[in-house]
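Beneath this line is the structure, given in structure tokens, with notes to follow.
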Amino acid sequence: MMERAVSPDGVIPVVNGEERTVAAGSTIGDLLRELSVSAAAVVVEHNREIVRDRSRLDSMVLATGDSVEIVHFVGGG
Amino acid sequence: MTESTMIAGATDTPFVIAGRTLRSRLMVGTGKYKSPDEMVRAIDASGAEVVTVAVRRVNLNRDTDDGVLPHLAPARYFLLSNTAGCYNAADAVRYARLARAAGFNEWVKLEVIGDQDTLLPDTAALLVATKTLVADGFVVLAYTNDDLITALRLEDAGAAAVMPLASPIGSGLGVLNPYSIRTIKHRLSVPVIVDAGVGTASDACITMEQGVDGILMNTALAAADDPVRMAHAMRLAVDAGRQAHLAGRMPRREVAVPSSPSVGMLE
């Protein structure tokens with residue numbers, strides 16, 4: 001297990017199965033920008049709830065332990 | 001329509017699923033190509049309108065983008081998301097809903113796999129997922145076995161199309177049970193699209209000769225030495241098989257019947 005001693009300002013959501021530290025108060029929109037992922041090109045699921053309205057991403061504040069799945073379409077049959 | 005089929009008498013009924021008329025009876029997948037460019041050229045050569053895609057996590061630790069959408073002109077193709085890789089109804093429903101949230105359409109190629117070695121469907125779970133998704137407003141195209149009873153149950157459950165396999169996914173074994181495929185087509189009212197197992201053009205032709213409404217294939221193109229040429233061959237084969245079905249084949253006989261007159265022979 002990785003060291004979890006983050007600054008008191010950080011929170012640790014689980015993003016696509018991996019813990020990631022982001023600044024406290026970060027929204028999912030902030031996380032996507034940090035990851036250089038275009039919100040328009042993906043679908044986000046937050047704690048098993050699909051975020052249908054992408055305009056909400058900038059108001060959804062992340063907390064430690066939150067599950068975030070960021071998916072898109074890949075080649076398949 | 002290809003030039004070879006644009007002849008008198010080659011008319012066909014429209015291919016319609018859930019009220020949408022489709023311009024090609026051949027549907028293709030987008031997986032396993034060597035490059036996006038090869039995929040695009042093969043899909044173009046196939047003439048397909050419906051192309052399948054899969055839902056996966058964005059790879060956040062790599063610079064390369066494995067997303068398929070930047071390569072597919074959205075006005076040209078109708079995206080059909082699948083639930084490949086799902087082994088229970090709940091997962092398949094989750095993937096279908098994620099795909100729908102992408103905002104293209106409400107169609108799903110529903111797969112619920114029951115076994116890792118054969119990738120054969122879990123038909124009990126498939127029925128459960130079909131009912132859930134139909135109730136949720138999805139247009140469900142259900143990938144299933146070549147089993148009539150399951151096909152009938154799927155139709156009853158509201159599937160917009162039933163997709164029996166020719167043989168296991170990626171096997172290229174061709175249509176193993178033409179009788180079952182034919183029987184399913186005879187008995188169902190919704191379109192029957194054979195999905196999986198076609199290996200080469202003759203397989204596609206034989207499949208269409210059973211009277212089914214269409215074929216979906218991926219590996220037969222992607223794993224061919226020349227996918228673009230194979231895609232062209234499949235386009236012709238699907239057309240040929242369809243036309244042969246509509247033409248109505250001659251009866252099979254166990255004895256020869258001469259084609260030339262038996263009268264007028266020299267003494």
Side-chain angles (χ1 to χ4, degrees), chain A residues 1-4 6 10-23 26-60 62-77, chain B residues 27-36 38-40 43 51-61 63 65-72 79-85 90 94-104 109 111 119 143 169-170 195-197 216-223:
Chain A
M1 190 56 117
M2 296 260 290
E3 178 82 27
R4 270 205 174 200
V6 291
V11 294
I12 313 172
V14 179
V15 182
N16 282 8
E18 289 182 19
E19 292 184 343
R20 276 182 189 266
T21 303
V22 298
S26 292
T27 64
I28 297 178
D30 294 329
L31 171 70
L32 292 178
R33 281 184 286 276
E34 198 173 301
L35 294 166
S36 301
V37 170
S38 162
V42 299
V43 172
V44 175
E45 193 190 70
H46 178 232
N47 293 335
R48 302 286 295 213
E49 289 283 331
I50 295 169
V51 184
R52 293 185 194 282
D53 178 3
R54 288 184 177 85
S55 67
R56 286 179 55 224
L57 292 169
D58 281 321
S59 57
M60 300 179 78
L62 290 163
T64 293
D66 275 7
S67 166
V68 179
E69 294 288 352
I70 306 167
V71 302
H72 65 164
F73 288 134
V74 301
Chain B
M27 306 179 176
V28 297
T30 55
K32 299 196 280 192
Y33 284 95
K34 290 186 210 70
S35 69
E38 186 179 70
M39 174 192 79
V40 168
I43 294 173
V51 297
T52 60
V53 292
V55 174
R56 290 293 181 271
R57 281 174 167 165
V58 173
N59 189 337
L60 301 173
N61 300 316
D63 288 337
D65 185 359
D66 59 352
V68 73
L69 289 194
H71 308 290
L72 297 171
L79 291 181
L80 176 59
S81 181
N82 69 29
T83 60
R94 184 186 186 193
Y95 275 66
R97 287 176 173 155
L98 283 165
R100 180 170 65 176
F104 291 96
K109 194 195 104 170
E111 295 183 31
L119 298 179
Y143 162 72
I169 295 169
D195 177 13
L216 196 159
M217 61 179 73
N218 188 154
T219 311
L221 306 186

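Within every chain, numbering begins at 1; the chains are lettered A, B, ... in the order of the sequence lines, protein sequences first and strands thereafter. These values consider heavy atoms only, across backbone and side chains, with no hydrogens, waters or symmetry-generated copies.
- If you measure heavy-atom distances from A:Val37 to chain B, the contacts under 4.5 Å come from the side chain alone.
- Between A:Arg48 and B:Arg94, the closest side-chain pair of non-hydrogen atoms falls below 4.5 Å.
- Listed options B:Leu69, B:Asp195, B:Asn59, B:Val53 were ranked by heavy-atom pairs under 4.5 angstrom with chain A; first place goes to B:Val53.
- When all heavy atoms of B:Asn82 and A:Gly76 are compared, the pair lying nearest together is ND2-C, 3.9 Å.
- Nearest heavy-atom pair, A:Ile50 versus B:Ala101, reported as atom, atom and distance to 0.1 Å: CG2-CB, 3.5 Å.
- When each of B:Thr52, B:Leu216, B:Asn218 is checked for heavy-atom pairs under 4.5 Å with chain A, B:Thr52 comes out on top.
- Residues A:Gly75 and B:Ala54 come closest through the heavy atom pair O-CB, 4.2 Å.
- Between A:Glu18 and B:Asn61 the shortest side-chain heavy-atom distance falls below 4.5 Å.
- The nearest pair of heavy atoms linking A:Val74 to B:Thr30 is O-OG1, 4.1 Å.
- Taking NE2 of A:His72 as the reference point, atom CG of B:Leu98 lies at 12.5 Å (rounded to 0.5 Å).
- Looking at B:Phe104, the atoms closer than 4.5 Å to chain A (heavy atoms on both sides) all sit in the side chain, from C-beta outward.
- The contact between A:Leu35 and chain B is made entirely by side chain atoms (from C-beta outward), counting heavy-atom distances below 4.5 Å.
- Using a 4.5 Å cut-off between heavy atoms, B:Lys109 contacts chain A through its side chain alone, with no backbone atom that close.
- Heavy atoms closer than 4.5 Å to chain A are found nowhere in B:Ala196, neither backbone nor side chain.
- When all heavy atoms of A:Phe73 and B:Ala102 are compared, the pair lying nearest together is CE1-CB, 3.6 Å.
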